[in-house]
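Below is one structure, written out as structure tokens; comments come after it.
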Amino acid sequence: PDWGGSASPRPCDWATYTDQQWEMISMWASMRLQTLWRTVAGMCMYYSVLQCHFEAQVDESSAFAAGDIWDPADCFTCLVSMQQYKTFSAVQLHQTNRMFDAFPSSFKVAFIDWNDKNITAEADGVHERQRRRYFSCLIDRDCSMRSDGRRAPKLRIELPGYPILGDGKSDNQNHAIPFMRGAFCQCIDSNQGAYFEQMLLLPCVLGEFRERLRSSSGRTGTTGGMRQIIGFPEHITSDIGSIGDFAAGSEVAFGTILQRSYAMLGARMHYGHPDLMQKCYMMQQGGVSKATKTLNLSEDIFAGMDFTLRGNGRTIKHCEYFHLAKGRDLGFNSVLGFFCKLSSGAGEQIITRQMFRLGQIFSLPECLTFYYAHVGYYVTQAFVSYSLPLMVFTWLIVLSSDCEGAYRAFENCPEQPASTTMARLLGTWFSWLMVMFLLITSFPLLFELALERNFKDAVLRVGKQFLTCSPLHYIFQAKIIGFYVMNELRYGGAQYVATGRGLPTERRDFVGKGA
């Protein structure tokens, strides 16, 4: 730019920017934040990857290699479930149409439509107390535009009633399942991304579903034909700032070394993304997630529970050569809000029939692993949260029961006073045992970074977290987890917490969000 010979630049005149330039700026910013545009752009890389594999492996002498026969959209669909498309504003409709223009033909949108009951409702079997008729619809770039700026549905399936049974997300996923293309599905959150070089490994990923033995039909008790969920780790891209680094470190450890251990011990479940699942098996068990309000707040894990409960050697494998990008929370309040949701969901999991039945069929090693990997972690945080008040109460009881000088002739008093005994006990607890506890809790992240990079980088990152007061953050986190998981067991009423995922540049009320 021309600075007019001045050493310092002049302020930008934003009014001179054209609409095209603003669209380019917004697109650039969308690829650097946790937006739906970035997620769809990443998932649509499957389209380019399939085209690359076709060009590299096609037999030029076959009729299949002729032009206009092969289309990657025939075997891949990037399906976005926009539940509220019918109520979109003009700006949101414009942004949706921009996505149709920017991405390949494999990009489609599923949404829920509704109409008032008409004269054919009684003949069609609509319940007399149902006020509207609901439909699951599919649109793509080839659909015609209506006068209100929306596209006319290409496919339309009437639903048996009001479709939102849970907290929204699970219903949003399950109503779109009939429009999925192919035998495999991969559910992705709207704060994720992808890498082209990783997606080139797609044939290896799909090969994980193959049977080890041709005679393994899945009905003979062998595990070869029962692997229908393949789990993958995530590359966390939001390690920005201290709070973002704390959240990213926890996610790195959970998505790699911990899930690897859970899978080996037989207690890994489905955690939503970016697991690849056999679509027909998921439809047989009611969908990719459970949709009961409050009870299934942590909806994703129930797909793995139901899959495991069907037995017959069904296992969930964890592979680490394929991963997608993932953005986590960056602000203090949003991180604690996220754990509010997880803790409330864990409290509701404890009272579900899936948890009860898994506890009955698991062997002792699998049961202990399943407990530690899921609700046991949250219950332990509650115990840690309650331990300090309990310790102070015990301390007061011991001190109040000490011998008094005026009655030593009538009491059997020890030589050492109670205050000295408690001082030695607390001195032991809060010396090397406390240091060992803090170090051991950071071992999963330390070992995983040492395996992926080197021991020096692992020590530097963990040491940086300690220097930036990560134990104080995890104290708040433990208190939040303990409060909400026990509150669910006492009173219930878990609710979805919308944390946002935006940049932490806004001052928020700490008491209202953290308490």
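From a predicted model like this one, the values you see are computed outputs, not experimental measurements.
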**Q.** Donor-acceptor contact present, side-chain K279 to main-chain G182, <3.5 Å
**A.** yes
Q) Centres of the F232 and H318 rings: under 6.0 Å? A) no
Q. Roughly how far, to the nearest 0.5 Å, is CE of M277 from CE of M283?
A. 12.5 Å
Q: Grab the two heavy atoms, one from V288 and one from I177, that are nearest each other, plus how far apart they are.
A: N-CD1, 3.9 Å
Q: Could you pull out the closest heavy-atom pair between K317 and E208, with the gap in Å?
A: NZ-OE1, 2.7 Å
Q) Counting heavy atoms not belonging to M391, are there more than 12 under 6.0 Å from its CE? A) yes
Q: Can you sort out the partners of S289 under side chain to side chain donor-acceptor pair (under 3.5 Å), two or more places apart, ordered by chain and number?
A: Q173
Q.
For K341, is there any backbone N or O sitting under 3.5 Å from a side-chain donor or acceptor partner on S344?
A. no
Q) If only atom types and distance count, is the side chain of D171 paired as donor or acceptor with the main-chain N or O of L165 below 3.5 Å? A) yes
Q. Is there a donor-acceptor contact under 3.5 Å from the side chain of T39 to the main chain of S190?
A. yes
Q.
Do L33 and R38 have side chains that approach each other closer than 4.5 Å (heavy atoms only, starting at C-beta)?
A. no
Q: With the side chain counted from C-beta on, respond yes when L426 and W395 share a heavy-atom pair under 4.5 Å apart, and no when they do not.
A: yes
Q | Flag if over 12 foreign heavy atoms under 6.0 Å of CZ, F393 | A | no
Q | Residues which pass ring pair (Phe, Tyr, Trp, His ring centres under 6.0 Å) with Y85, listed by chain and number, not counting sequence neighbours | A | F88, F111
Q: Apply the test salt bridge (Lys or Arg N to Asp or Glu O under 4.0 Å) to residues R260 and E448: give CA-CA distance (whole Å), side-chain angles for both, the deciding distance (0.1 Å), then the verdict.
A: CA-CA 11 Å; R260 187 189 316 145; E448 181 60 31; 2.9 Å; yes
Q. Quick one: side chain to side chain donor-acceptor pair (under 3.5 Å) pairs with a partner in residues 454-472, sequence neighbours left out?
A. D245-R461, D245-Q465, N454-D457
Q. Any idea how F246 and Y474 line up, ring-wise: parallel (<30°), tilted (30 to 60°), or perpendicular (>60°)?
A. tilted
**Q.** Student check: side-chain heavy atoms of I350 and V379 closer than 4.5 Å
**A.** yes
**Q.** side-chain contact (heavy atoms from CB on, under 4.5 Å) involving F443 - partner list, sequence neighbours excluded
**A.** L439, I440, L446, F447
Q) Can you name the residues that form a side-chain contact (heavy atoms from CB on, under 4.5 Å) with L265, not counting sequence neighbours? A) T369
Q) Yes or no on side-chain hydrogen bond (donor to acceptor under 3.5 Å, both in side chains) for Y262 and E366, after CA distance, side-chain angles and deciding distance? A) CA-CA 9 Å; Y262 301 158; E366 292 175 340; over 6 Å; no
Q. Who passes ring pair (Phe, Tyr, Trp, His ring centres under 6.0 Å) against H374, sequence neighbours left out?
A. Y271, F370
(Q) Can you list everything that forms a side chain to side chain donor-acceptor pair (under 3.5 Å) with E251? Sequence neighbours excluded, please. (A) R328
Q) Yes or no on side chain to side chain contact (heavy atoms under 4.5 Å, CB included) for T421 and V398, after CA distance, side-chain angles and deciding distance? A) CA-CA 9 Å; T421 304; V398 172; 5.9 Å; no
Q. Which of these passes side chain to side chain contact (heavy atoms under 4.5 Å, CB included) with P274: M43, H323, Q186?
A. Q186
Q. Hey, is the main chain of I112 close enough, under 3.5 Å, to the side chain of Q83 for a donor-acceptor pair?
A. no
Q) Is the closest side-chain donor-acceptor distance between T77 and K108 under 3.5 Å? A) no
Q: Give the intermediate values and the outcome of ring-ring contact (aromatic ring centres under 6.0 Å, His included) for residues F332 and F476.
A: CA-CA 10 Å; F332 186 76; F476 278 97; 5.5 Å; yes
Q: Kindly indicate whether the side chain of F302, heavy atoms from C-beta on, has any atom under 4.5 Å from the side chain of S170.
A: no
Q.
Quick check against the 3.5 Å criterion: does S238 have a side-chain atom that pairs as donor or acceptor with the backbone of G244?
A. no
Q | Residues Y195 and H235: side-chain donor-acceptor under 3.5 angstrom | A | yes
Q | Considering all heavy atoms, the nearest N191-G327 contact | A | ND2-O, 2.8 Å
Q | T292: partners by side chain to side chain donor-acceptor pair (under 3.5 Å), with sequence neighbours left out | A | N296
Q) Does the side chain of I230 reach to within under 4.5 Å of the side chain of C319, using non-hydrogen atoms? A) yes
(Q) Once rounded to the nearest 0.5 Å, what's the spacing between atom CZ of F76 and atom OH of Y47? (A) 10.0 Å
(Q) With a 4.5 Å cut-off on side-chain heavy atoms, are Q354 and K290 touching? (A) yes
Q) Excluding sequence neighbours, so at least two apart, what forms side-chain contact (heavy atoms from CB on, under 4.5 Å) with L200? A) V49, H53, F196
Q.
Using a 3.5 Å distance criterion without hydrogens, assess whether the side chain of Q278 forms a donor-acceptor pair with backbone atoms of C280.
A. yes
Q) Is a side-chain N or O of S385 found less than 3.5 angstrom from the main chain of Q381, in a donor-acceptor match? A) no
Q: Kindly write out the residues that satisfy salt bridge (charged side-chain N to carboxylate O under 4.0 Å, His left out) with E488, not counting sequence neighbours, or none if the list is empty.
A: none
**Q.** Over all atoms of both residues, closest heavy-atom pair of P72 and Q51
**A.** CG-OE1, 3.4 Å
Q | Donor-acceptor contact below 3.5 Å, side chain R181 vs main chain D74 | A | yes
Q: State, with a plain yes or no, whether a side-chain heavy atom of C78 is found less than 4.5 Å away from one of Y46.
A: no
Q | Test side-chain contact (heavy atoms from CB on, under 4.5 Å) applied to S30 - qualifying residues, sequence neighbours left out | A | T35, W37
Q) Which residue pairs pass the ring pair (Phe, Tyr, Trp, His ring centres under 6.0 Å) test with at least one member in residues 163-187, sequence neighbours excluded? A) F184-F209
(Q) Could you measure the distance from the CG atom of L324 to the CE atom of M199? Nearest 0.5 Å is fine. (A) 5.5 Å
Q: Output yes when K169 and D189 qualify as a salt bridge under the 4.0 Å nitrogen-oxygen rule, no when they do not.
A: yes
(Q) How close do V384 and S387 get, counting heavy atoms only, and between which atoms? (A) O-OG, 2.6 Å
Q: Taking S343 for its side chain and C340 for its backbone only, find out whether a donor-acceptor pair lies under 3.5 Å.
A: no
Q: Evaluate side chain to side chain contact (heavy atoms under 4.5 Å, CB included) for L138 paired with V109, printing each intermediate quantity in order.
A: CA-CA 6 Å; L138 181 74; V109 170; over 6 Å; no
Q | Which atom of T256 lies closest to which atom of P233, heavy atoms considered | A | CG2-CB, 3.9 Å
Q: Compute the ring centroids of Y371 and Y377, then answer whether they are less than 6.0 Å apart.
A: no
Q) Is there side-chain contact between H270 and I301, with at least one heavy-atom pair below 4.5 Å? A) no
Q: Decide salt bridge (Lys or Arg N to Asp or Glu O under 4.0 Å) for D275 and R268; before the verdict, give the C-alpha distance in whole Å, the side-chain angles of both, and the deciding distance to 0.1 Å.
A: CA-CA 12 Å; D275 294 1; R268 188 196 186 277; 3.3 Å; yes
